[in-house]
Amino acid sequence: MTLGDSNQPMDFIRVAVMDDLKAGRYSRVHTRFPPEPNGYLHIGHAKAMCIDFGIAAEFGGQCNLRFDDTNPVKEDVEYVESIQQDIRWLGFDWEDRLYYASDYFERLCEYAVTLITKGKAYVCDLSADDIREYRGTLTEPGKESPYRNRTVEDNLDLFARMRAGEFPDGSRTLRAKIDMASGNINLRDPVMYRIIHATHHRTGDAWCVYPMYDFAHGQSDSIEGITHSLCSLEYEDHRPLYNWYLDALDIDRPRQIEFARLNVSFTVLSKRKLLRLVQGGHVKGWDDPRMPTLSGLRRRGYTPEAIRDFCDRIGVAKKDSMVDIALLEHCLREDLNKRAPRVMGVLKPLRVVIENYPEGRVEEVAAVNNPEDPSAGTRTVPFSRVLYIEQDDFRENPPPKYYRFAPGREVRLRYAYFLKCVGVVKDAQGDVVELTCTYDPATRGGDAPDGRKVKATIHWVSAAHAVPARVRLYDRLFVKEDPDDVDGGQDFLENLNPDSLEVLTGCWVEPSLAESKPGSIYQFERQGYFCLDPDAAKGSLVFNRAVSLKDQWARIERAQRVG
RNA sequence: UGGGGGGUCGGAUAAGGGUAAUCCGGCAGACUUUGGAUCUGCACAUCGAGGUUCGAGUCCUCGCCCCCCAGCCA
C-alpha cells in the first residue's frame, strides 16, 4: 500500500502514525520487531512483523530487528538463527539494523546508576516470596520494602557489588522507587535488575546482573530512535512504567501503540504451549507441518505470499479475536492456484485393466501444467493398458449425485480417453480390487467426436510408469476451535486431534515427479496442494499435503448423511 | 470490591452525525476435460436502557458482558 493513492481503509495504528506525522510529533517513522530468542516464530509473529515492517515501509521509514535477550537462562543461539531465517523467508529485511538488548547492557547499567543517584532506585534485600507478599493484591495496596530508604551511597555501593558478583542469585534486586499503592501493579516498585549467575549466549560471563525486560525495552527503543513502538495488548499496563523510566532518565520517548495479538481457530499460538507440544512428543518438532510455526508452515507447503496476504486480510484492531483457520487455508489455495504446477497422483490406488488396449503399447498424452497460467506450458504423461485410479472415484453402488465411476458407467480419464467399466474383480473378502474396463480409441485427448458427454473426469497414473510415494495427510491439530475450551482440571492437550496425521504408503505419482526437489509444491489434480518433504530421498518421495482442494462432493455427502 | 483495555452479520475488518460495506465461511445456481478455479444470487450484525439530534454504530448518561495485570518471564 502506498499512502495517499489508496482508498483502502487504514487501521487505527496507521491513522495514529499518520496523525503524528501531520501534527509534527515525529518527523519520520522508525519501528522495530523485538522477538525474544527463546522459541520459534509463529503465525502470530508474522502478524506483528507485517505491522512493524509493513508500516515502516509504507511511511518511508525503517524497521529494526532487535532481540530482547535479557534473560540468559531461557535464550539460545539456536533461536536467534531460526528467527532470522524465518523473517527473511517471510520477505522482510532489517538491512544492517540487527540489534540486541544485550548490546545495551553497559548503557542500561549506567541508566540504573543514574536512577539510584537521583534517589529513584534502591537495592532491596527482600526474597522473591517477600517481594510478592509486600506487593499487595489487585484490590489492596502493597507495603513499602524496609530497604526502600537506603542512602544513595549505600545503594550505589550495593549495586556495584551486585554487579561484581559478590552476592548469590536471588539475594538482592535493584528496584525502582515508584508507588506501592498504585492501582497499576507494575508501578509498585518494580524490579529493574536481578542477579543471575548464568552464561549469556552473547555476552558470555561478563554479567551476573541482568535487566528486566521492562527496564530494557523502552530504553532500547529510545537508544535506537524508535518513533513508534508497536506491541500487543498485554503491554498496555506497562506503558506507564516505560514512560516513567524514560522521563526519569530524560531521554526520548517513542509512542507505544498496542494491538490485539492473533488467535487462530483449531491451533495454539503461545510459545509455552508450542514448547509443550514439542517436548511432549505430540508433534515431531518445531517444524512439524502441523505446527503454526513459520518453519512448520513452510514445511507444510505454505508460501510467504500466502501468509502475508493472510496478515493483510485479518486487519489490526484492539478487540480480542479468533480468526478462522479457513481464511489461512483460503489464502494458501488462492496463491497456489495461480502458481502450483498440476500433476496427477493416486493416493489410494485401485487397479484398472483396459481390456481392449493393446498389451505393451504406451502413448504419451499431453497435459496442461497449469490452466491458470498458460506460460507454464504442457508436459507429457505416459498412458498404457494397466492404470491406477483413486479408490474414491469408484462406487459399486453409486449414491445419488455421485457422478464418478461405477459399473457400466463411462467417465473421462483426464487428458486421455473415455473409459467404461465393464467388470469388477473382488478378493475373498468381497472387496473390489480391480476394475475391468474398455476405452474408446476415438476419444483420445478427452473429447468424443460424436459429441457424447460424460459427467466426470478422473485422474490416473500408468501402473508401469508411475513412481511410488508416501503421502502425509495433515488435518487440524486440535478438534476444538478453541483448544483451551476444556473442563476444569484438564488442559489444551485434551483437545488434540488424534487424526491430525494420516500416513499413506503405496501411493503412485506420475513420472515427471521423480526428480522434484524438496520444498517444491504441486497441485495433485482434484486433491490438493502437496509439498515435497526434506525427508524424501532419491527414489523415495514423501509429500506433505498443505491443504486440500475445496471438495463439493464431500459437502454433498455430508449433507446426505445428515439429511 | 483496584488498575488497564474491549464489545458491528457465524468469523475477521470498514463506516469518525447522513444508504451499515468488504473478505472468509454457509446456502443456492451458472459454467467446467480438476465436483478445482471462475461467475451470479441469497441469508445473517451495531451488548442493553435512557438521552441529545431532523437524523446515532458514531455524541452524553447509566448498566451488562468479555479480556489483561499480583514473575527476580517477555
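Since this is a predicted model, take the numbers as computed values, not measurements. A note on names: the letters A, B, ... follow the listed sequences, proteins ahead of strands, and every chain is numbered from 1. Values below: all heavy atoms of this structure, side chains included; hydrogens, waters and symmetry mates excluded.
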query = The side chain of A:T139 lies closest to which of these nucleotides: B:G35, B:U13, B:U1?
reply = B:U1
key: A:T457 versus A:R412, side-chain donor and acceptor atoms under 3.5 Å   = yes
key: Syn-anti status, with the boundary at 90° from 0, for the nucleotide B:G55   = anti
ask   = Separation of A:R239 atom CZ from B:G3 atom P, in whole Å?
value = 17 Å
task = Starting at atom CG of A:D214, determine the distance to atom C1' of B:C68, rounded to an integer number of angstrom.
result = 14 Å
query = In terms of side-chain heavy atoms of A:D237, which of B:C68, B:G35, B:G36 is nearest?
reply = B:C68
request  = Give one of base, sugar-phosphate or nothing for A:S321, where a contact means two heavy atoms less than 4.0 Å apart.
outcome  = sugar-phosphate
remark   = When rounded to whole Å, the CD to C1' distance for the pair A:E234 and B:A74 reads 9 Å
request  = Using distance alone, with no hydrogens and no angle criterion, decide if A:R202 and A:S102 have a side-chain donor and acceptor under 3.5 Å apart.
outcome  = yes
inquiry  = Can you confirm whether more than 12 heavy atoms, excluding those of A:K420, are under 6.0 Å from its NZ atom?
reply    = no
task = Using a 4.0 Å heavy-atom cut-off across all strands, classify A:Y415 as base, sugar-phosphate, or nothing.
result = base
request  = Give one of base, sugar-phosphate or nothing for A:S127, where a contact means two heavy atoms less than 4.0 Å apart.
outcome  = base
Distance, P atom - from B:G50 to B:U58, rounded to whole angstrom = 14 Å
message = Under 4.0 Å, heavy atoms only, any strand: does A:H238 hit a base, just the sugar-phosphate, or nothing?
response = base
query = For the side chain of A:L549, counting heavy atoms from C-beta on, which of B:C73, B:U34, B:C27 is nearest?
reply = B:U34
key: Check: A:Q527/A:E525 side-chain N/O donor and acceptor closer than 3.5 Å   = no
Interatomic distance at P, B:C73 relative to B:G10, whole Å = 44 Å
ask   = In whole Å, what is the span from the CZ atom of A:F259 to the P atom of B:G4?
value = 22 Å
remark   = Glycosidic torsion of B:G16 (syn if within 90° of 0, anti otherwise) classifies it as syn
request  = Would you mind telling me which residue lines up with the more 5' stretch of RNA chain B, A:Q523 or A:F12, judged by nearest nucleotide?
outcome  = A:F12
request  = Taking atom types as modelled, find out whether A:H238 and A:D214 have a side-chain donor-acceptor pair closer than 3.5 angstrom.
outcome  = yes
query = Can you tell which of B:G36, B:U34, B:A74 lies closest to the side chain of A:E372?
reply = B:G36
request  = Taking ring-ring contact (aromatic ring centres under 6.0 Å, His included) as the test, write out the residues that go with A:Y417, two or more places apart.
outcome  = A:F383, A:Y439
task = Round to a whole Å and report the spacing from CG of A:L262 to P of B:G11.
result = 16 Å
query = With sugar-phosphate meaning primed atoms plus P, OP1 and OP2, does A:L187 contact a base, only sugar-phosphate, or nothing at under 4.0 Å between heavy atoms?
reply = nothing
query = For RNA chain B, what dot-bracket results from Watson-Crick or G-U pairs at under 3.5 Å, with [ ] for crossers and | for inter-strand partners?
reply = .((((((..((((....[..)))).(((((.......)))))....(((((..]....))))))))))).....
ask   = Is A:R452 salt-bridged to A:D450, going by a charged N under 4.0 Å from an acidic O?
value = yes
ask   = Are A:D189 and A:R148 close enough for a salt bridge, meaning some N to O gap below 4.0 Å?
value = yes
task = Determine the contact category for A:L126: base if any of its heavy atoms lies under 4.0 Å from a base atom, sugar-phosphate if only primed atoms, P, OP1 or OP2 are that close, otherwise nothing.
result = base
task = Among B:C69, B:G71, B:C24, find the nucleotide with the atom closest to the side chain of A:A326.
result = B:C24
key: Short side-chain N/O contact to B:G36 OP1/OP2 from A:R414, under 4.0 Å   = no
request  = Check every strand shown and say whether A:P240 touches a base, only sugar-phosphate, or nothing at a heavy-atom separation below 4.0 Å.
outcome  = nothing
key: Touch class at under 4.0 angstrom, heavy-atom based, for A:E481 against every strand present   = nothing
ask   = Considering only B:G36, B:C68, B:C72, which nucleotide approaches the side chain of A:Q552 most closely?
value = B:G36
task = Would you mind telling me which of B:C27, B:G3, B:A70 lies closest to the side-chain atoms of A:R132?
result = B:A70
ask   = If you measure from the P atom in B:U34 to the same atom in B:U46, how many Å do you get, rounded?
value = 42 Å
query = Counting any heavy atom closer than 4.0 Å, what does A:I195 reach on the DNA or RNA strands: base, sugar-phosphate only, or nothing?
reply = nothing
query = For A:H459 and A:R342, does a side-chain donor sit closer than 3.5 Å to a side-chain acceptor?
reply = no
query = Does anything in residues 309-320 of chain A reach RNA chain B, meaning a heavy atom under 4.0 Å, and if so which residues?
reply = A:R313, A:I314, A:V316, A:A317, A:K318, A:K319, A:D320
inquiry  = When the P atoms of B:C65 and B:G26 are compared, how many Å lie between them, rounded to an integer?
reply    = 34 Å
side-chain hydrogen bond (donor to acceptor under 3.5 Å, both in side chains) involving A:Y302 - partner list, sequence neighbours excluded = none
query = In whole angstroms, how far is the P atom of B:U32 from the CZ atom of A:R526?
reply = 18 Å
inquiry  = On RNA chain B, compare the nucleotides closest to A:D11 and A:D447; which residue's is nearer the 5' end?
reply    = A:D11
inquiry  = Please classify the nucleic acid contact of A:F215 as base, sugar-phosphate, or nothing, using heavy-atom distances under 4.0 Å.
reply    = nothing
ask   = Can you check the A:R175 CZ to B:C72 P distance for me, whole Å?
value = 8 Å
task = Find the distance A:R188:CZ to B:C69:P and express it as a whole number of Å.
result = 15 Å
inquiry  = Students often get this wrong, so: under 4.0 angstrom with heavy atoms, is A:E236 touching a base, only sugar-phosphate, or nothing?
reply    = sugar-phosphate
query = Excluding sequence neighbours, so at least two apart, what forms side-chain contact (heavy atoms from CB on, under 4.5 Å) with A:N71?
reply = A:E36, A:V73, A:K74, A:E75, A:R194, A:I196
ask   = Under 4.0 Å between a Lys/Arg side-chain N and an Asp/Glu carboxylate O for A:R339 and A:D335?
value = yes
key: Residue among A:F524, A:Y522, A:F543 satisfying ring pair (Phe, Tyr, Trp, His ring centres under 6.0 Å) with A:F530   = A:F524
inquiry  = Show the nearest heavy-atom pair for residues A:M192 and A:A121, with the distance to one decimal.
reply    = SD-CB, 3.8 Å
request  = Give a yes or no on whether A:R409 atom CZ has more than 12 heavy-atom contacts from other residues, nucleotides or ligands under 6.0 Å away.
outcome  = yes
For RNA chain B, the residues among residues 335-349 of chain A that have a non-hydrogen atom under 4.0 Å from it = A:N337, A:R342
task = Using only side-chain N and O atoms of A:H330, determine if any of them is under 4.0 Å from OP1 or OP2 of B:C24.
result = yes
Sugar-phosphate, base or nothing in reach of A:R412, heavy atoms under 4.0 Å = base
request  = Kindly point out which of B:C27, B:A70, B:G36 is positioned nearest to the side chain of A:T137?
outcome  = B:A70
key: C1' gap between B:C66 and B:U8, integer Å   = 16 Å
request  = Pick the C1' atom in B:C68 and in B:G63, then give their distance to the nearest Å.
outcome  = 22 Å
Closest nucleotide among B:U34, B:A74, B:G11 to the A:Y235 side chain = B:A74
request  = With A:R66 as the cation and A:Y99 as the aromatic partner, state whether NZ or CZ is under 6.0 Å from the six-membered ring centre and within 45° of the axis.
outcome  = no
